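Worksheet: one structure, shown below.
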Amino acid sequence: MVGLVVALFLFSKLPALSYDLFTGDEGINLHAFWKASRGELVYRDFSWHYGPLTPFIFGTLFNLLGVSVQGVRLVYIFVAAVGVALAFWIARSLLPPFWSGVASFMAFSALKLPPHSYNHIFGTLSALWVVAFFFSYLKCPEGRLRPFLIGIGAAIGLLTKPLPMGFGIFISVILFVLIHPKKNHFLRDYLLGVLCLTVPVAVYFSLRVPFNDLVRNIYPMGSGAAVWRYRAYPYFLDQRLWTSLAQTPSFILKVKEVVWHVVWTFLWWMPVVCAVIGFLFFRKQGKVFFLSLFSVLIYLQPLITGSDGIGFLLQVPFILLAYFFYRLWQIKGNSSLRFLAFSLKVGIAFFIGYFLLFSHYVKEPMQRAHGKVPLSVQTAHGIRVTPAMKEIYEGTVTYVTQQTMPGEKIFVGSPEPIYYFLCQRDSFLKDEFMTIRAGIIDFGRIQVSRLSQDEKDRIEEELIRQIKQNKPKCIILTALTYFPYTSHRRKLFDYIEGNYVLGKEIGDPKAFSPAFKMRGRGGYFPHYGVKIYKPKENGESRG
């Protein structure tokens with residue numbers, strides 16, 4: 001049965017190897033892996049807001065097999081397939097075979113390809129590893145090997161996604177053992193497994209990387225969406241959250257899209273409800289209680305930061321949700337409750353069948369494939385994108401590689417570092433999120449304005465200083481960059497226009513119109529464009 005489940009997962013995900021590029025998140029990952037493959041040290045030579053293990057893995061892969069998007073995605077899918085098998089193994093200790101298969105598919109229904117981050121799949125594998133071996137330990141608590149292997153799994157989480165996921169994995173085991181004490185040396189062997197991996201890595205980086213760089217990189221508020229979502233208090237205390245919830249009933253009566261937004265929000269947060277219920281009422285059922293405790297701890301990130309990118313957290317909670325669905329499915333009502341039991345089963349079947357299995361394993365891959373053509377770019381050869389994006393990617397790579405030599409620096413003035421990777425040209429910036437913090441991208445829901453004006457001005461001045469000092473041979477500004485500057489601060493943009501000349505413009509000119517309304521993300525804009533600047537000849541520059 002587990003082989004069938006894994007085979008079906010691979011059958012649904014392998015076609016996604018060749019579709020789309022995420023200009024932001026995927027670009028940051030690929031650029032970091034490329035830098036690691038050239039011997040650059042994570043944290044010291046380039047910014048990386050997770051643990052150090054993933055750049056080392058994929059940097060080694062690039063050195064062995066060559067630099068390509070498909071190679072990274074293939075490893076990602078393979079690791080996920082191992083996770084599917086582990087999810088089935090975990091579920092099988094609680095559920096019959098059919099429901100175990102459903103649980104493993106539910107666990108990976110939120111898996112995206114291209115993903116939010118190639119890093120997080122190793123945190124997911126770490127979580128499933130810990131749960132699987134911990135269940136095995138609960139069944140047979142003799143010997144020292146299982147606690148040691150559980151510690152190894154927790155260490156992988158700490159070395160890939162340390163906060164909050166790795167910490168949640170690490171502390172959940174300790175809390176469970178303290179609540180349900182065992183008369184052996186579990187904690188000693190568990191901590192030995194954790195320390196045997198984490199201590200050598202910690203010593204190595206503490207000797208080679210300045211302490212401030214380590215803290216700034218690993219601290220989760222420095223990463224991803226939390227950059228612009230940072231607040232000094234948890235998300236659930238945000239007044240705007242409660243205001244929007246209070247207004248929801250009136251919106252539902254008027255706007256169809258809001259109805260679906262509310263439905264999806266409710267469905268994604270169902271595992272949280274199950275985790276709280278399991279934590280409060282299933283303490284005597286060791287495995288269910290551990291899943292609940294684990295789920296509560298790893299959900300700290302969306303509760304604190306308000307991030308909606310929770311797909312990589314859902315694997316273990318969805319196994320718990322599948323368990324509760326199974327328990328509800330077993331309800332057998334008498335004549336007065338028969339209709340209620342039947343309705344409940346219809347709702348569960350619809351949720352599993354449509355929202356999880358069909359939507360994520362069938363519908364989404366079909367949408368990804370629609371109307372795409374293959375790229376001719378070396379590092380992304382064969383990746384299928386829209387015709388408009390094909391023109392932009394290939395035109396940008398051709399121009400930049402003709403204007404620059406390998407080893408020369410370029411600057412991508414937007415949070416789209418995929419261009420560094422595609423062009424095989426490096427940035428002079430250690431921290432690519434600096435462009436976000438400077439307010440270069442500040443429209444719609446991207447609320448960089450949480451930073452004070454003085455902070456943004458200081459960052460913008462630093463960007464200008466670094467451009468003066470490093471003199472990049474090309475500056476790439478996309479519509480994501482240009483649009484906000486038509487109505488926002490123009491200091492950096494004015495400097496570029498004063499000291500660089502427009503070398504090439506690719507894409508739809510409408511994308512650069514001040515009146516144009518941006519919609520979508522990354523490479524999925526209906527109108528999208530790129531402007532590439534090159535240095536002015538001697539004597540032409542100013543400022």
Side-chain angles (χ1 to χ4, degrees), residues 23-25 27-49 55 59 62 67 208-210 212-214 216-217 222-223 227 379 396-397 399-441 455-478 480-482 485 491-504 530-536 538 541-543:
T23 59
D25 292 333
I28 290 171
N29 280 237
L30 293 172
H31 187 208
F33 303 157
W34 177 64
K35 291 167 82 71
S37 72
R38 300 190 307 158
E40 296 187 39
L41 184 62
V42 62
Y43 308 142
R44 185 192 67 188
D45 300 322
F46 62 94
S47 181
W48 179 252
H49 296 297
F62 280 171
V67 179
R208 302 197 63 185
V209 179
N212 289 340
D213 287 346
L214 279 174
R216 185 178 69 250
N217 276 273
S223 66
V227 168
T379 55
T396 301
V397 171
Y399 183 82
V400 171
T401 52
Q402 288 176 349
Q403 294 291 320
T404 63
M405 297 292 292
E408 291 184 325
K409 306 289 186 181
I410 66 172
F411 174 57
V412 181
S414 73
E416 299 176 88
I418 191 70
Y419 292 104
Y420 293 122
F421 177 78
L422 295 178
C423 298
Q424 295 289 273
R425 299 292 187 268
D426 206 358
S427 167
F428 55 80
L429 290 176
K430 286 175 60 177
D431 182 5
E432 289 157 1
F433 280 107
M434 184 181 288
T435 56
I436 302 179
R437 295 190 186 97
I440 291 178
I441 175 170
E455 288 173 317
K456 290 194 285 188
D457 288 341
R458 283 197 299 270
I459 295 171
E460 191 171 33
E461 291 288 349
E462 174 62 18
L463 280 171
I464 295 173
R465 188 190 70 80
Q466 292 205 31
I467 292 175
K468 289 180 179 179
Q469 177 181 327
N470 292 279
K471 298 180 174 58
K473 297 299 181 180
C474 281
I475 294 179
I476 300 173
L477 298 180
T478 72
L480 279 173
T481 307
Y482 191 90
Y485 263 98
K491 191 180 299 182
L492 174 61
F493 198 70
D494 285 345
Y495 176 82
I496 292 172
E497 286 189 323
N499 294 273
Y500 286 75
V501 62
L502 181 62
K504 191 173 183 65
V530 168
K531 290 185 177 183
I532 310 175
Y533 290 81
K534 62 180 182 179
K536 289 183 176 180
N538 291 337
S541 298
R542 62 175 175 81

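Note: hydrogens, waters and symmetry copies are ignored here, and every other heavy atom, side chains too, is used. Nothing here was measured: the structure is a model prediction, and the numbers come from that model.
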### Message
For Lys473, I'd like to know if atom NZ has over 12 heavy atoms of other residues, nucleotides or ligands within 6.0 Å.
### Response
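Atom NZ in Lys473 is not crowded, with 12 or fewer foreign heavy atoms closer than 6.0 Å.
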From [X] [atom1] over to [Y] [atom2], what is the distance, rounded to the nearest 0.5 angstrom?
| X | Y | atom1 | atom2 | result |
| --- | --- | --- | --- | --- |
| Ile475 | Lys534 | CD1 | NZ | 13.5 Å |
| Glu462 | Leu429 | CD | CG | 9.0 Å |
| Ser427 | Phe411 | OG | CZ | 7.0 Å |
| Thr396 | Ile418 | OG1 | CD1 | 12.0 Å |
| Ile410 | Tyr419 | CD1 | OH | 11.0 Å |
| Ile496 | Lys491 | CD1 | NZ | 13.5 Å |

#### Entry: Set of side-chain contact (heavy atoms from CB on, under 4.5 Å) partners for Ser37, sequence neighbours left out
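Result, side-chain contact (heavy atoms from CB on, under 4.5 Å) vs Ser37: Trp34, Phe62, Asn63.
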Minimal non-hydrogen separation, [X] against [Y], with atom names:
| X | Y | value |
| --- | --- | --- |
| Pro417 | Gly27 | CG-C, 3.7 Å |
| Phe46 | Pro55 | CZ-CB, 4.4 Å |
| Leu422 | Thr379 | CA-OG1, 3.6 Å |
| Ile28 | Trp48 | O-CZ3, 4.4 Å |
| Gln403 | Glu408 | O-OE1, 4.5 Å |
| Tyr500 | Pro472 | OH-O, 3.0 Å |

### Task
Go through the structure and list residues passing side-chain hydrogen bond (donor to acceptor under 3.5 Å, both in side chains) with Arg208, not counting sequence neighbours.
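With neighbours one apart ignored, the set is Tyr204.
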### Message
Between Leu463 and Tyr495, is there a side-chain heavy-atom distance shorter than 4.5 Å?
### Response
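A side-chain contact is absent here, since even the closest heavy-atom pair is not under 4.5 Å.
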### Query
Between Lys35 and Val42, is there a donor-acceptor pair closer than 3.5 Å when you use the side chain of the first and the backbone of the second?
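No; zero donor-acceptor contacts below 3.5 Å.
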### Whether Arg425 side chain and Thr404 backbone form a donor-acceptor pair below 3.5 Å
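Yes; at least one donor-acceptor contact below 3.5 Å.
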### Qualifying residues under ring pair (Phe, Tyr, Trp, His ring centres under 6.0 Å), relative to Tyr420, sequence neighbours excluded
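Ring pair (Phe, Tyr, Trp, His ring centres under 6.0 Å) list for Tyr420, sorted by chain: His31.
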### Task
Mind running side-chain contact (heavy atoms from CB on, under 4.5 Å) on Ile467 and Phe428 for me, showing each step along the way?
CA-CA 8 Å; Ile467 292 175; Phe428 55 80; 3.7 Å; yes
